[in-house]
Amino acid sequence: MTDKWEHLDAAMTVSSKKTIQELFKEDPARAEKFSLEAAGWYLDYSKNRIDEKVMKSLMKLARESGLKEEIERMFTGKKINATEGRAVLHTALRNLDPKAKIKVDGKDVLPGVRRVLAQMGDFSDSVRRGQWKGFSGRKIKNIVNIGIGGSDLGPVMANLALTPYTKRNLKFYFVSNVDSTHLAETLRSVKAAETLFIVASKTFTTQETMSNALAAKEWLISEARKAGLSLKDAKGAVAKHFVALSTAAKEVAEFGIDVKNMFGFWDWVGGRYSLPGAIGLSLMIAIGRVNYKKLLKGYYKMDRHFRTARFERNMPVILALLGILYSNGYGAESYCCLPYDQYLARFPAYLQQMDMESNGKCVDRDGNQSYRETGPIVWGEPGTNGQHSFYQLIHQGTHLIPCDFIGCCRTHNPIGDLHDKLMANFFAQTEALAFGKSADECRKEGVPENLVPFKTFEGNKPTNTLLCEKLTPETLGALVALYEHKVFVQGVIWNIYSFDQWGVQLGKVLAKGVLADLTAKKPSGKHDASTNALVAKYRKALGR
Ligand code: G6Q
């Protein structure tokens, strides 16, 4: 049997020989050839260092990694998150096939998914209609989601992305950081009697979330007391102002939340993949159950595409393979996500967690050090803002940074020709990156010889362009699923476990010991010299 990575070497031999400029000259039809549509998204990947031979070799790499089988193992609930002994079934959260059955430990999970979705729908209806009342009988006007990581980034990103679909008289806040400023500034903006707190924590033990939730609870009780409630009634008010998104019923009840108002999920949903389930409650309140269903439909369409399309016409597979070409073939360390839609401003941050927490691993599935580079660094900002800052480095720097450009043909907010201008930049940047500007072109334009090297653009910078008609719940769902599956494919090819996140544990554990030392009468001095000195400095500043 051949080493599957030979196919990457074969791809590289061809890919490295010609520039994107040359490839376009040779084959003017390549834009058509290297583009496809799926679930409302058009992907043009022709501005990459590829031709048919390169793609053929990359497809072989995917096939020899057992990708087809792995996709089926994920969709059918096999315990592919082996280090935690869990199935990986975020796709079940948006499986809209009424006849489908997906079994984990012999039990179909879909009835539970539908039950929680219906519970979320009823609850969000009652908040949106003003039927859910706070302790003084007032309607809820503010919703504060308290959660971190996967219990925050998805709701934050999607709430902003779908702003045009939100009920504008409801205000949404997201508190994640254990920095008290985050909570304090939020509480300054809301009135307790009109505020609903959603405590979003799968485990209900996360330090940041539970500290913020407890502080919010104290605040609510004290505000209720100020409004004239007895201590008992003020404590009782917690049930009217707090709901939980969690798997931990006991801890939820102990907090004072009515378990009826707990929206469950399951250990087969990873935090960073949990937006289309209970973690999406704040989003469902914002956009309503009908739009939420459309979001799920978009996810589901992309899921079906991913599961059924042959690899050559499979958008997540193609994106993943192009990423591998640059990471492992060209040694690119990062890729850039550039949404040209203000509503997608938080998409790069969301993608960072999805990709880097999933594939930032150096040990393969056999427990050995991975001898290939794995998950890339993901970064990005809304497009035109980036053009006036870091694009310089992408155009003329020494690093190769493949970019994903994401844009929409129609805007929700037409004002004059602003959208045409935005999209002109969107298209022009990929053109500039691919084709550059030669020294001769500069000279023809009369650039003085001493400035020619500075004004020359090498080009040959790879980009993908993702275009949809309009950013809607459906296209957003499909976009998220597209990247989820891209990340999955890369994890399979790198032979790493994409669904655990052991790398975040150590810091959490050490923080407990440090916290004890920050507040103890006498610090233990058991850390390294640097940490001990920093702790001492902090204590001194606070007069401890
Ligand atoms: C995501 C991670 C992580 C998680 C947070 C919050 O995949 O597991 O970001 O979402 O640590 O965890 P809880 O929801 O349990 O509070």
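Since this is a predicted model, take the numbers as computed values, not measurements.
With contacts defined as side-chain heavy-atom distances shorter than 4.5 Å, the pair Asn177/Ile148 does not qualify. Looking at Arg272 and Leu153, their side chains never come closer than 4.5 Å, going by heavy atoms from C-beta outward. Side-chain contact check for Cys409 versus Cys468: every heavy-atom pair is 4.5 Å or farther apart. Side-chain contact check for Ile285 versus Leu196: some heavy-atom pair is nearer than 4.5 Å. Side-chain contact between Thr91 and Asn95 is absent, with no heavy-atom pair separated by less than 4.5 Å. Counting heavy atoms from C-beta outward, Glu84 and Phe499 have side chains that stay 4.5 Å or more apart. Two residues are said to be in side-chain contact when any heavy atoms from C-beta on lie closer than 4.5 Å; Lys68 and Phe311 meet this criterion.
Scanning both residues, Pro155 and Ser282, for their nearest heavy atoms gives CB-OG, 3.7 Å. Listed here is the closest heavy atom pair of Cys408 and Lys470: CB-CA, 4.2 Å. Residues Gly134 and Ile140 share a closest heavy-atom pair of N-CD1, 4.4 Å. In this structure, Arg128 and Ile287 approach most closely via the heavy-atom pair NH1-C, 3.5 Å. Residue Leu160 comes nearest to Gln342 through the heavy atom pair CD2-O, 4.2 Å, listed as atom of the first residue, atom of the second, then distance. Summarising the geometry of Val504 relative to Lys508, their closest heavy-atom pair is O-CG, 3.5 Å, with the distance given to 0.1 Å.
Rounded to the nearest 0.5 Å, atoms CG (Asp97) and CG (Asp303) are 12.0 Å apart. Atom CG of Asp341 sits about 9.0 Å away from atom CG of Asn413, to the nearest 0.5 Å. For the atom pair Leu170 CG and Asn142 CG, the distance stands at 8.5 Å (nearest 0.5 Å). Remark: Leu183 CG to Glu208 CD distance equals 13.5 Å, nearest 0.5 Å.
At least one cation-pi condition fails for Lys79 and Tyr497: the charged atom is not both under 6.0 angstrom from the six-membered ring centre and inside a 45 degree cone around its axis.
Here Lys361 pairs with Asp500 in a salt bridge; the nearest charged N to carboxylate O distance falls below 4.0 Å.
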Please report, to 0.1 Å, the donor-acceptor pairs under 3.5 Å made by any side chain of residues 248-265, with sequence neighbours excluded.
residue	atom	partner	partner atom	Å
Asp258	OD1	Lys260	N	3.0
Asp258	OD2	Lys260	NZ	3.4

Give every donor-acceptor pair under 3.5 Å between a side-chain atom in residues 376-387 and any protein atom, sequence neighbours left out.
residue	atom	partner	partner atom	Å
Trp379	NE1	Ser334	OG	2.9
Gln387	OE1	Tyr340	OH	2.7
Gln387	NE2	Asn425	OD1	2.9

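Remark: Trp41 engages no residue in a ring pair (Phe, Tyr, Trp, His ring centres under 6.0 Å) (not counting sequence neighbours). Applying the side-chain hydrogen bond (donor to acceptor under 3.5 Å, both in side chains) criterion to Asp404, with sequence neighbours excluded, gives Asn464, Tyr483. With sequence neighbours excluded, the residues forming a side-chain hydrogen bond (donor to acceptor under 3.5 Å, both in side chains) with Glu72 are Arg307, listed by chain and number. Every residue meeting the side-chain hydrogen bond (donor to acceptor under 3.5 Å, both in side chains) condition with Ser498, not counting sequence neighbours, appears here in chain and number order: Asn359. With sequence neighbours excluded, the residues satisfying side-chain hydrogen bond (donor to acceptor under 3.5 Å, both in side chains) with Tyr42 are Ser35.
Pairs engaging residues 228-247 under the salt bridge (charged side-chain N to carboxylate O under 4.0 Å, His left out) rule: none recorded [sequence neighbours left out]. Within the structure, side-chain hydrogen bond (donor to acceptor under 3.5 Å, both in side chains) contacts touching residues 289-301 (residues at least two apart or in different chains) are Asp122-Arg289, Asp125-Arg289, Lys301-Glu474. Sequence neighbours left out, the pairs with a member in residues 172-197 that pass salt bridge (charged side-chain N to carboxylate O under 4.0 Å, His left out) are Arg138-Glu194, Lys141-Glu194, Glu185-Arg188. Within the structure, every pair that satisfies the ring-ring contact (aromatic ring centres under 6.0 Å, His included) test and touches residues 143-185, not counting sequence neighbours, is listed here: Tyr165-His412. Within the structure, no pair that satisfies the side-chain hydrogen bond (donor to acceptor under 3.5 Å, both in side chains) test touches residues 107-117, not counting sequence neighbours.
Panel note: side chain Ser246, backbone Thr203; no donor-acceptor pair is recorded below 3.5 Å.
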- [ ] Go through the steps to decide whether Glu218 and Leu214 satisfy the test side-chain contact (heavy atoms from CB on, under 4.5 Å), and finish with yes or no.
- [x] CA-CA 6 Å; Glu218 291 309 315; Leu214 283 169; 5.7 Å; no
Open item on the list: Determine whether Asn314 and His485 satisfy the following criterion, side-chain hydrogen bond (donor to acceptor under 3.5 Å, both in side chains), listing intermediate values before the conclusion.
Closed with: CA-CA 10 Å; Asn314 193 314; His485 297 320; over 6 Å; no
Task: Verdict with supporting geometry, Thr166 and Thr163, side-chain hydrogen bond (donor to acceptor under 3.5 Å, both in side chains) - done: CA-CA 5 Å; Thr166 57; Thr163 304; 5.4 Å; no
- [ ] Please assess Thr247 against Trp266 for the test side-chain hydrogen bond (donor to acceptor under 3.5 Å, both in side chains), listing each intermediate value before the final yes or no.
- [x] CA-CA 6 Å; Thr247 50; Trp266 303 270; over 6 Å; no
TODO: Mind running side-chain contact (heavy atoms from CB on, under 4.5 Å) on Gln490 and Thr374 for me, showing each step along the way?
DONE: CA-CA 8 Å; Gln490 294 189 330; Thr374 61; over 6 Å; no
Task: Stepwise side-chain contact (heavy atoms from CB on, under 4.5 Å) test for Leu36 and Ile318 - done: CA-CA 10 Å; Leu36 77 158; Ile318 290 168; 3.9 Å; yes
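When Leu466, Leu471, Leu338 are each tested for a side chain to side chain contact (heavy atoms under 4.5 Å, CB included) with Ile406, only one passes: Leu466. Here the rule is ring pair (Phe, Tyr, Trp, His ring centres under 6.0 Å) with Phe242, and of Phe197, Phe135, Trp219 only Phe197 fits it.
Between Ser358 and Tyr273, the side chains place a donor N or O and an acceptor N or O closer than 3.5 Å (distance only, hydrogens not considered).
For Arg544, the CZ atom is densely surrounded, since the number of other residues' heavy atoms within 6.0 Å is greater than 12.
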